[in-house]
Amino acid sequence: MDKKPTVAEKVSPLKTVQETPSVLREPVIAPLVTYPIEVVVPEVRQQTPAVGQRATRLDGHLHGLGQTRYIDDLSFPGMLYAKIKRAGVASARIKSIDTKEAEAMQGVMAVVTGKDVPCNSFGPSLKDQPVLAYERVFHAGDGVAAVAAVTEQIAAEALEKIKVDYEVLTPVLDPLESLKLETPGVHAPSANIYQSKIIKKGDIEKGFAASDHIIEGHFRTQMVEHVPLEPHATIAMWDPNGRVTIYSTLGRITLGRADVARTLGIPVSRIRIVATIVGGNFGGKNEITTEPVLALLSKKTGRPVKSVFTRPDEFIASTTRHPLIMDYKTGVTKDGKIQARKIRLVLDGGAYCSWSETTLGKACILSAGPYNIDNLYAEAYVVYTNKTMTGAMRGFGAPQVCFAYESHMDDIAALLNMDPLDIRLINVFSEGSLSPTGQTLQSVAIKESLLQAAKRFGWNGKGSADAGANLLAEENANTNMVRA
Amino acid sequence: MVTVTINVNGEKRTASVPPETTLLRLLRDDFNLTGSKLGCDVGDCGACTVIVDGKAVNSCLMLAAQADGRDVLTIEGLATMDRLHPIQKAFEKYASLQCGFCGPGVIMSAKALLDENPDPTVQEIRDALGGNLCRCTGYVKMIEAIQDAARILRDEPVEINR
Ligand code: FES
Ligand code: FES
């Protein structure tokens, strides 16, 4: 066995390779295998062992000790501090930006403006958001210039030395105004309505004709900021090999890398994003904000650069929840069965698209509420205005429409002089109901939940008081569900 | 520049800082005590709460120079190498923190309360946390944890209530 290989044996592999017909030396491509796709679908309403367990958070220990490292708790040798100058005007043309005085300040290491950004647009769906506003300002929170300095104080002072000359334009602030065709486009020549969705089911005209009452309701919600306790924070480090490492509070780093690559004009492979522990996201940290700016400042100075949003930045320059204007019209029979519903939603999209597409879709799909409505027409539009951009926030539009359809249900109940609980019990989804978009619903326990809730907080609404109790008995007889 | 000497977590420390430096910045940037957080810098959120001479203060609203010669306790000074402070233990047990950013401030407010009032009512705990905002967890679990810690600090037997 331990015979030493002879020279001839040593060369033989090479010879073998050389003598092999070339077709056999082609790279081997594995044949396409179609795997049997067996997805284990749990039984409807099956309880997993996790439910009801007490779990202690693994990170709770460090949190309590104050030892969790958020971005602002990190620092690197030679690190600079960046500040962003905000436009402070809702709509304007930028005539000139003079950064000379700021650049000359002692301690200021670099200043960048929109013209320094290789590709000055990004966004999770439409790429309509500039990294730093250049030529045009679309909302007051737009960044127009950024400074990196040896201390935060110097950076803040330098911002005041930057002179921006604006030609102020009339902003579009009202979403209903923006919806009108004659209103000038916020992002002209693009239209102000930048996404829409229509859901049709049955025939609403027939439904309204078959109704005893037709009730209208108009609802509005306001803009809401996430207010994560930890403001957006970033540290960027451009290394001499042309790679950039970014520590960021970003929640979606893969998407963020693509946006950073696009805006900086470098391959994704040169970008490393380190996601640290985040002090609250709630949807507000789902896309990049100043990451490319910091990367450019770091490239320009050769030093790590950190920036932390101020609380005002957080309010004016990060995304918010879409304000919605919601018009409802519902036809019901006199005993409370909904025959038809017509809905129009107008979402105030603010200056940029961000996650409007998702929000619009979800709001529209959910706008009819968890009710069986055979005849439905729901339309939703999201429009640009010169306001802080709106984006993802817990529920993507669901809380807004929930407020509207549930308020509307209460109004209908009041008009029919019914118990608000009863009108819901009459109309809610049950097992196998079809959603407005035709999806068969499983694991539906709305009735049971409503009745349990009513029982637990001792609901005694006006109207037919035992409708609830009867339904509960009926439901319990019809299902084999076990509920505490 | 002003020279500031404070007794922080039982240790005398000195730094020379620009006069506008807040106590929070002094602790974080000069003493590397990053447990106290900056959430708003204007006294609204309480993430920066530390205890100065026995009183909970927003360290973003106090100049470093105002703290000169005083006793400052931060979250880092609460635990010892081998023992968590009962409040910290209770916060862990009750999962009173999610992202944790508000935690150091909340815990310091609770500590200041329990030092002064070992048996606070729920309302008194609420009042003590009045200056601390939490966006993730809410306050119910914090109040439970603080009551639990108060019982331990009073040497009463504690029963786990769920
Ligand atoms: S940072 Fe001091 S109260 Fe918010
Ligand atoms: S745990 Fe996130 S703010 Fe309190």
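Chain identifiers are assigned alphabetically (A, B, ...) following the order of the sequence lines, protein sequences preceding nucleic acid strands; residue numbering begins at 1 within each chain.
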Heavy-atom closest contact (I75(B) atom, G64(A) atom, distance) |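 So the two residues come closest at CD1-O, 3.3 Å.
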Part of L84(B) lying under 4.5 Å from any heavy atom of chain A =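 Side chain of L84(B) only, per the 4.5 Å heavy-atom cut-off to chain A.
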Do [X] and [Y] have side chains that get closer than 4.5 Å, going by heavy atoms?
X	Y	value
R57(A)	L97(B)	no
Q67(A)	E76(B)	yes
R311(A)	V42(B)	no

Which bit of [X] comes within less than 4.5 Å of chain B, counting heavy atoms only: side chain, backbone, both or neither?
X	value
D59(A)	side chain
V227(A)	both
E314(A)	neither
T68(A)	backbone
F282(A)	side chain

Which residues in [range] have a heavy atom less than 4.5 Å from any heavy atom of chain A?
range	answer
residues 20-30 of chain B	E20(B), R25(B), R28(B)
residues 102-115 of chain B	C102(B), P104(B), I107(B)
residues 57-66 of chain B	none

Chain B contact residues among residues 70-83 of chain A, heavy-atom distance under 4.5 Å =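 Those residues of residues 70-83 of chain A which have a heavy atom under 4.5 Å from chain B are Y70(A), D72(A), D73(A).
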In this structure, are over 12 heavy atoms from other groups packed under 6.0 Å from Q123(B) atom CD?
->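 Buried by this count: over 12 neighbours within 6.0 Å.
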Counting only heavy atoms not in R272(A), do more than 12 fall under 6.0 Å of its CZ?
->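 No, the 6.0 Å shell around CZ holds no more than 12 heavy atoms from other groups.
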Heavy-atom pairs under 4.5 Å with chain A are the metric here; pick the option from G35(B), A95(B), G39(B) that has the most.
->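 When all of G35(B), A95(B), G39(B) are compared, G39(B) has the most.
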Straight-line distance of D41(B) CG to T310(A) OG1, nearest 0.5 Å =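 That separation rounds to 9.0 Å.
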Nearest 0.5 Å, what's the CD-NE2 distance between Q88(B) and H63(A)?
->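 Interatomic distance, Q88(B) CD to H63(A) NE2, rounded to 0.5 Å: 13.5 Å.
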L229(A) and side-chain contact (heavy atoms from CB on, under 4.5 Å): which partner among C134(B), C45(B), C136(B)?
->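 With L229(A) as partner, side-chain contact (heavy atoms from CB on, under 4.5 Å) holds for just one option, C45(B).
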